[in-house]
Each structure stands twice: as structure tokens, then as C-alpha cells.
Amino acid sequence: MVTEQFGGRPAGAIAIYPGTFDPFTNGHLDIIHRSAGLFGKLVVAILRNEGKQPLFSVAERIEMMQQVLGPYANVEVDSFDGLLADYAARKGATVILRGIRAISDYEYELQMALMNRRLHPEIETVFLLAGEAYSFISSRLVKEVAALGGNVSGLVPPVVEARLKTKFQGA
Ligand code: PNS
């Protein structure tokens, strides 16, 4: 437990919220909204995965996410490559945060959490339940619906919706 005081505010744990965020959805925002107050600092960390063909470049994702997350004073957007657990340790984090939407997420998340624990036992994975209104939202489905001309309003922040339209409809 960190008890030091910085600038009159109690210092809290540093948490990393990692993901692909291609694109950032209202489900991700819900998890950040629920957790920002639980930690001293929350680093939303985008995996730079050259192997995957992303819809949005890392720079585009950072730009959109910084716009959306601007109001959260203790939330920072960053990117990483290599092992998540090593990155978290380098950032001085004691928590890796992941959102769980449904039981189907659990098996993959359990494997990752246990592997990360094996790599860095001092870092705990914390799971947060997404609000039920967001439990069906995934970046993959948002991309598919947007690519086929469907309405993704309410599923992603307005800035992401506008960028999806530009990508797929040139609007
Ligand atoms: O949003 P996603 O795609 O579910 O996020 C997955 C992510 C980025 C958290 C995961 O792929 C990851 O941590 N990759 C980094 C490489 C790594 O550490 N692999 C071992 C994980 S146990």
C-alpha cells in the first residue's frame, strides 16, 4: 500500500489497462470510468503489434483516445511492445487491469493473468465487470458493422464513430 502524499493528494497504485483498442469502444470507456478513481494513475496501453493488420494506426488510436480520455486527470495513454508484464514493471505498475464482459472472456483472461503472474509475481491482475449495457460490444464487431455500413452510434465515442465513417465511407 502506497501512503506517500504528492501535491496534497494521496498517492495510489499505478495500474496498466492494456489492449489493442482497434478501435476504442464505449465498453473500454466504461471500464476506465469505473476504475480511474480506484488507482493513483491509470495507464491505458496500446499493444504495438506489427503482425496484426490494424484498422487504425497506433498514432491514430493514441490521438482518438487522448481526446476521449482528456477529462480524466489521472489517465494517460501510451503504447508498448514486447511482454505486457515487463512493460508494467518498467512503468512501476502494481496492477494490470482487464475488463470482463461475459464468462466466455474468462478462460483467455485467466491464462493471461496466470502467465503474467508467473513472469512478474509482484503485479496483480484485477478484473472489472463491464456494465451490462456494454457486454456485447467488441472492437471486432464494431469494425465489422461499420465496414458494412451499419450504425455504431452509442457503441463507440463520437470521435471514433466519425473516424470509422471516414475510413469506410470516405465521409
Ligand atoms: O485488447 P486485447 O486484444 O484483448 O489485448 C490483448 C493484450 C494486448 C492484453 C495481450 O495480447 C498482451 O498482453 N500482449 C502483449 C504480449 C504479452 O505479454 N504476451 C503474453 C501475455 S500472457
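Whatever order the structure lists them in is the order used to number ligands and atoms, beginning at 1.
- Of the possible donor and acceptor atoms, none in the side chain of D105 sits under 3.5 Å from a partner among the backbone N and O of I100.
- Residue-ligand proximity, M112 to ligand 1, at heavy-atom distances under 4.0 Å covers atoms 10 (C), 22 (S).
- Of all protein heavy atoms, the one closest to atom 19 (N) of ligand 1 is L83 CD2, 4.0 Å.
- Between the D22 side chain and the F56 main chain, a donor and an acceptor come within less than 3.5 Å of each other.
- Summary of contacts: the protein heavy atom closest to atom 6 (C) of ligand 1 is Y108 OH, 3.8 Å.
- Using the six-membered ring where Trp is involved, Y87 and F80 have ring planes that are parallel, under 30° apart on the 30 and 60° scheme.
- Classified by interplanar angle (parallel below 30°, tilted 30° to 60°, perpendicular above 60°), the ring pair F21/Y17 is perpendicular.
- Ion pair E122/R117 not flagged as a salt bridge, since none of the NZ, NE, NH1 or NH2 atoms sits closer than 4.0 Å to an Asp/Glu carboxylate oxygen.
- Of all the atoms in ligand 1, the ones that sit under 4.0 Å from a non-hydrogen atom of G82 are 15 (C), 16 (C).
- When non-hydrogen atoms are compared, ligand 1 lies under 4.0 Å from the side chain of L47 (C-beta onward) but not from its backbone.
- The protein heavy atom nearest to atom 18 (O) of ligand 1 is L84 N, 2.8 Å.
- A salt bridge links R163 with E63: the closest approach of a Lys/Arg side-chain nitrogen to an acidic carboxylate oxygen falls below 4.0 angstrom.
- Of the N or O atoms in Q111, none lie within a sub-3.5 Å distance of an N or O in ligand 1.
- Of the charged side-chain nitrogens involved, at least one lies within less than 4.0 Å of a carboxylate oxygen, so that K167 and E60 count as a salt-bridged pair.
- Among the atoms of M115, none of the N or O lies under 3.5 angstrom from an N or O of ligand 1.
- Of all the listed residues (N116, D105, I16, I46), N116 holds the heavy atom that lies closest to atom 21 (C) of ligand 1.
- Selection from R48, H28, R98, R117 by nearest heavy atom to atom 7 (C) of ligand 1 gives R98.
- From D81, atom CG reaches atom CG of L47 across 7.5 Å, with rounding to the nearest 0.5 Å.
- In terms of N/O distances under 3.5 Å, ligand 1 is approached by T20.
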